[in-house]
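Each remark here refers to the structure printed beneath this line.
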Amino acid sequence: MTTSAIHPDERLRRPAGLRSLWLGDTKVSYVPDGAVQGRPGAWLPGTTDATWTVHPEYLDASGCLVASLGGLLVEHGDRALLIDTGFGPHSLPADPATPNGAMYGGALLDSLAALGRSPEQIEAVAFSHLHPDHTGWATQPGPDGDGTVFARADHLVTEPEWAATAGEDGIAALAPRVRTVTDGQEIFPGVRVRITGGHTAGHAEFVISGGGTRLIAFGDSLHSPIQVDHPEWSCVYDHDPARSADHRRRLVAELAEPGTIGFGVHFADVVFGRVGQNGPGPAWSPLGDG
Ligand SMILES: [Zn+2]
């Protein structure tokens, strides 16, 4: 009989499924919606073909990076917060004119149901930023054809993100539900927002504390675990690449501190992890065994 153990590298090139962990009495769960492929040299313009010759473990059969699309459910007793809402029920074919390969969402509400939650039970939806792979389900009409999917939820957006984005197509419809939040604000028991900028004008991370551990849900500060080894590599979608890289250096150092876990929503099937040492430099060390 052969073993069915999965080679750890497999997780770098497939999207994540449902995963949960506990921080004291707070439960955090990755809520899958879908995935997007990224052409590696286009997504991370600081890399070269030689980079990917040395690191084929990050590339799928078509030579693309694999990024998960989804959200993070935070539950405390009966209360529930959702951070980001995936891409929504859409799919796009690979387009050679963009840095992306194929992109699809659609599973988020089923994933929430599998975790025992309906959209009406979400008291707040918080956004790391307002790109469409994070606002997908929030900008869908509700089941009655109007209203919103998360009918009872405040939609929390940082002040600078809302100031920069509120007038955009597809985002303006959120306005009646939006409550702006500020740096350091506690938005849910044990959950604080911190504004980083870099990726977008008001990009935010969420620091979730419980049981003596803190989890940093770092949004799009990092798109691929290879950036832990190379924080100088900004993503093509970072609106201020220098600021993004500066922040990433600090973030990677912080993730290496004791009692700290990271959550990278786009990190293939390694969304939860710690930063450890790999030879002379830092490296992403995923939690769970696949
Ligand atoms: Zn994103």
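Note that ligands are numbered from 1 as they come in the structure, with each ligand's atoms numbered from 1 the same way.
- Taking the ring centroids of His134 and His129, they lie under the 6.0 Å cut-off.
- Geometric assessment of Arg79 against the ring of Phe188 yields a positive cation-pi assignment under the 6.0 Å and 45° thresholds.
- Counting heavy-atom neighbours within 6.0 Å of Arg194 CZ, excluding the residue itself, gives a total above 12.
- The nearest N, O or S atom of His134 is closer to the Zn ion (ligand 1) than 2.8 Å.
- Atom OD2 is the N, O or S atom of Asp133 at the shortest distance from the Zn ion (ligand 1).
- Note on Asp220: its N/O/S atom closest to the Zn ion (ligand 1) is OD2.
- Within the 2.8 Å limit, His266 places at least one N, O or S atom next to the Zn ion (ligand 1).
- The main-chain N or O of Val66 is never found under 3.5 Å from a side-chain atom of Gln37 such that the two would form a donor-acceptor pair.
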